Amino acid sequence: MVRVPFRAAADRVRRRLGRIARPSSRSRTAARTPAAAPGDLAAAGRGPGRHPYLRALGMLAVVVLGAWLGLLAVGSIRTPVGPMDTTMTLRPSLTGGSKINVSPLGALELDSHVAPLRLDVDVDRLDPERSQALFDQPERFSNLQDEVTRDVAAGTRELAVRSCVAVVSGAAALGLVVYRRPRRALAAGGLALTLLAASGVSAYATWNPKSVLEPKFSGLLSSAPSLVGDARSIVTEFDIYQQELARLVTNVTKLYDATSTLPVYQPDPGTIRVLHVSDIHLNPAAWHIIASLVEQYEIDVIIDSGDTMDHGSAAENGFLDPIRDLGAPYVWVRGNHDSRVTQEYLEKFRDVRVLDDGAAVNVGGLRIAGTGDASFTPDRTGPGSNKEAARLEGMRLATALRDQERAGTPADIAVAHDPNTARETDGTVPLVLSGHYHRRINEQLKLGTRLKVEGSTGGGGLRAVQNEKPEKVHASVLYMDRSTRRLQAWDEITLGGLGLTTAEVSRHLPEENLKKDAPGSPTPSPSSPSSSASPAPSSGRSSGRPTPAP
């Protein structure tokens, strides 16, 4: 009884496809069936051989559909390519070509061949052990290209075998369901194998090895030429780029390892923990770093002082999606590399508070006000920020802060991307945060406001690999008293940039706390640090000069 519905459904599919695939057999079916419908009797009267092209078309439809279902079911393989784990798949396509998906950066499409099949390669993850092996044996960098070529060739061979089995099995199985004749099913499987072989021959005959010179980028990779240079220079100087790429891969893996083992601090119910980040510049490793800090420090609120993006284009917006999973409210102001498009995209996130034009929000037990940057620099080749415009924006922010104080809702923290904007708030708020300079500054302003400028949490972004020396990764944890909502202490977290695996944590107390030796100094204390991180807790006296990064 269980198989009756399935058998009935299979019969319906078989009859519908059979009307096209084998019209000549309808007369025999009608002769065997006493209660045949009038339409079937009319069809039977047409006689065999009237429409042979319909039978061929029906067989072709069965073969193509069965082969496609077979590819969907078992036509993909997981294979290592260098230090990466990838998934290779053949997909039906009208134009052919190859598509390489590199999450979360986007995709790279190559006009590599002309055939009714497209090769999809999904880069799933970096394997830490293989990356470590590359790092421990630098001499392997020179053979990385050959190793990747061997891996791709081996994967392609395995994919070809798997695809043959998939298309033959899929076409034969569907042919058996439709025709219910083993001979027809075998014919369908053979035709599927013939079509796959013809597609392979077409791909081989039209193979274009120079397609790498004219790739089509999508997603964040649309800015790839500006990140790593013109594609032709990559090909002509591949020995240099392969080493840089391999080093980038291994160093990002090292960075992940370092940030996952930072020292853990015990929770304190009397402290509000604020994580200050800035200038991520499209570095996807930053989200892993921030998530690790949020979890280990039990962060109450994250404040981002801008330049999260690099060009502010709509194609970059997908880079912001991991913010949803960080586990803490996210307060953000626009930097000079962030556009209005970026701001509008973030405003749709449930746990994100976008501040602009002096607006203030209550989040995490604090009242925070801020404004977006006065200028927008879509790339780093344009002119620098306008200092006067930044100061005017700061004056507007200061006016908004005074209005809020007169209304009985004073802000505890102000946020602006440019320090020139932040300095104009002196005397209107106890603490102002900014970024922009890619280096730390801790300064007590003349009227009592403390200015804290954070370095780059993205280590300068994806372009850092071009620098002669790697830029370090900076973030800070601010400890705010829950009752007074004043800064009690802060930890400066510094991670080694690309190629470096150090992790340092230094503790600092405000100068006024040191003078009166108040018991309000931070109660959280570090537990035993992991061996891979190098914490250096210390209490440093703040001054009006920039605090050098540890």
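Along the sequence shown, residues carry numbers from 1. On a predicted model such as this, the values are computed, not experimentally measured, just so you know.
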| message | Could you check, using the six-membered ring where one of them is a Trp, whether His281 and His337 have ring centers closer than 6.0 angstrom? | response | yes

| request: For the pair Ser292 and Gln296, evaluate side-chain hydrogen bond (donor to acceptor under 3.5 Å, both in side chains) and give the outcome as yes or no after the intermediate values. | output: CA-CA 6 Å; Ser292 177; Gln296 297 187 45; 2.8 Å; yes

Would you check if [X] and [Y] make a side-chain contact, meaning some heavy-atom pair closer than 4.5 Å?
| X | Y | answer |
| --- | --- | --- |
| Leu71 | Ser163 | yes |
| Met480 | Thr271 | no |
| Leu159 | Leu90 | yes |
| Glu471 | Ser456 | yes |
| Glu347 | Trp332 | no |

Just checking, any donor-acceptor pair under 3.5 angstrom between side chains of [X] and [Y]?
| X | Y | answer |
| --- | --- | --- |
| Thr421 | Glu393 | no |
| Thr425 | Thr428 | no |
| Glu492 | His474 | no |
| Asp279 | His436 | no |

| Summary of salt bridge (Lys or Arg N to Asp or Glu O under 4.0 Å) pairs that have at least one residue in residues 349-371, sequence neighbours excluded | Arg334-Asp356, Arg340-Asp356

Strictly below 4.0 Å, N to O, side chains only: are [X] and [Y] in salt-bridge contact?
| X | Y | result |
| --- | --- | --- |
| Arg440 | Glu454 | yes |
| Glu405 | Arg402 | no |
| Glu443 | Arg423 | yes |

| note | Which of Asp373, Asp304, Asn336 passes side-chain hydrogen bond (donor to acceptor under 3.5 Å, both in side chains) with His417? Answer is Asn336

